[in-house]
Amino acid sequence: MSYPYQITSLKHYQEEYKRSVDTPEEFWADIANHFTWHRKWDQVLDWNFYEPRIEWFKGGKLNITENCLDRWVETQPNATAIIWEPNDPSEPHRTFTYKELHHKVCQFANVLKSNGATRGDRICIYMPMVPELTIAILACARIGAIHSVVFGGFSAQSIADRIQDAQCNIVLTADGGFRGNKSIPLKAVIDEALTTCPSVEKVIVLTRTSVPVSMIKGRDVWWEDEINKVEAQGNPICKAEIMDAEDLLFILYTSGSTGKPKGVVHTCGGYMVWTNYTFVNVFQYQPGQVHFCTADIGWVTGHSYIIYGPLSAGATSLMFEGIPTWPDAGRFWEIVDKHAVDILYTAPTAIRSLMSFGTDPIKGKKLHSLKVLGTVGEPINEEAWHWYDEHIGKRNCPIVDTWWQTETGGVLISNLAGITKAKPSFATLPLPGIQPVLVDENGKKIEGNGVSGNLCIQFPWPGMLRTTFGDHERCRTTYFSTYENLYFTGDGCLRDNEGDYRITGRVDDVLNVSGHRIGTAEVENAINMHTGVVESAVVGYPHDIKGQGIYAYVIFNGIHIDENQTRLDISQTVSKIIGAIAKPDKIQFVSGLPKTRSGKIMRRILRKIAEGELANLGDTSTLLDPLVVEEIKSNKL
Ligand code: WT7
């Protein structure tokens, strides 16, 4: 097995890039031809960025799981598809060959069907990082149901919002999950969420932690019992539902600068081609290698580079249940040696966190198997880049800095491992098919090199989002209306003198905390739910490990028995409403917020103060109450 569309040299990249821009339809048709289709497309691409309407491989019929499973069962049934490494290193790891994974997926697909699931249903998945999560996702895709995975760290309220938005009828969960020395009561959280989710008819519960859970008659069933039932029926096969290329594959909720998280929609054909193509090219995956993406499947990185990209390429994908620092900060390196990992793909925040333990945890680890390193989720600072290069890659592994978003489905801007050059803190060059442009505030394109602007993409690519679930207008206004005829990423970007791209961070009110997107408005709404809070404003500030920390300015009219207790109470409220990931790092009580005469909060000033740039706040004379700024400055945390 090899990948005919794998780029093999810098010159080859340049040729392919040019071809992808000059003749995009032929370019993508050539690549899509290497997949399994029940029927080829009538039209490669039909699009406009006004509505927007984006259709790839229109008329094509396929099932993505036949591309991730069946075709490999034919050619390499005994190749390892999944290596699963448990949270607790003393528990045995598990592996699944393609044949075994295919069997498990068919089996669970039959469980879904016997519980009433049909094509087009939305199924919410709230599970720990166990192989059954991957099996569940693929089983949904097998029967044409749309999965909506919710990260295990989100609160009951957040899950309920997502279930209601998508009108899910089935929830897949576990009794609990293990992460480090903690055990998370997933089923209890689901029970709380479901008190406000009448659309849910069935909950299928996997046993993982064996904590006692309540099972509601008629609604809740045990995963294992359901498997036994379909086994007893003796039908090990589940024929793949034949889907249109543009049928929905999944919904994944992500935060924006306003309102509640939106359900980003990806479809079957384009997403498959994009995740596969980017996986094979960015990481330069070679057959037989072990790919270890450390992300949680609750985020898009896990969807694209633990499941769909690797499996559609017949690769071996390593899935890890735990966290990098438990039982100690050498866990990643132990896993790399234990499973002879070739490719390690992680987040800058994880690197910085491990860096803070020094090099002791690396002592005695060989790391000889590593060939390629990758980062994703946020800009990587040079110090972390060099540490990763020196101590993990031993200056012998190319590092790919992969820039992309939930909305983009897969990587858009990155160097290709060992093929195009790396440059610390630069994502470098666009992948074939990606046409980035920088624009100024007025939407005017900024030409040439050595320039900065807002990053947009001017032509569709197969993996891009199609809509936001249930609200197409929101998709249009969020991504396609800021600048006419362009997809707006929300990121600021520099194109240096050599034409390399460096992402400088969000230009909207979206924070990136430990590589996770959090909207400031969302956090403010949660803080404001606390009974004593009158108003709040949230901004980001530089944080050594998280990249950005959350700084909250809060007007509180309740009586503090103890200010720190109030801070804890407010954090608890945020945890309850969103999840622990959104807890503020700092809460400063203020008597007022800097506002313009029209009542708009001047975040720029608050951001500067949180960043510690007190000297240079710019013009504050237009404020309603300039004195409040002095107070905030003098009480800065
Ligand atoms: C935002 C998207 C892509 C999967 C994980 C995050 C930031 C992502 C990089 C990078 C600089 C990056 C951007 C982007 N980002 N990768 N390599 N360099 N910034 O997905 O939650 O949708 O967040 O993450 O700001 O807009 P997401």
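Just so you know, ligand 1 is whichever comes first in the structure, and atom 1 is the first atom listed for that ligand. This one's a predicted model, so the numbers in the text were calculated from it and none came from an experiment. Here, residue 1 is the first one in the sequence, and each next residue gets the next number.
Here ring pair (Phe, Tyr, Trp, His ring centres under 6.0 Å) pairs that include residues 393-421, with residues two or more places apart or in two chains, are Tyr305-Trp404.
A cation-pi arrangement is present between Lys586 and Tyr541 under the rule of less than 6.0 angstrom and at most 45 degrees off the ring axis. Geometric assessment of Arg162 against the ring of Phe154 yields a positive cation-pi assignment under the 6.0 Å and 45° thresholds.
In summary, of the residues considered (Arg474, His472, Lys262), a side-chain hydrogen bond (donor to acceptor under 3.5 Å, both in side chains) with Thr467 occurs for His472 alone.
The pair Lys445-Glu447 does not count as a salt bridge, with every side-chain nitrogen at least 4.0 angstrom from each carboxylate oxygen.
Here the shortest heavy-atom pairing between Leu373 and Cys397 reads CG-CB, 4.0 Å.
The protein residues lying under 4.0 angstrom from ligand 1, judged by non-hydrogen atoms, are Val300, Thr301, Val376, Gly377, Glu378, Pro379, Asp401, Thr402, Trp403, Trp404, Gln405, Thr406, Asp491, Ile503, Arg506, Asn512, Arg517.
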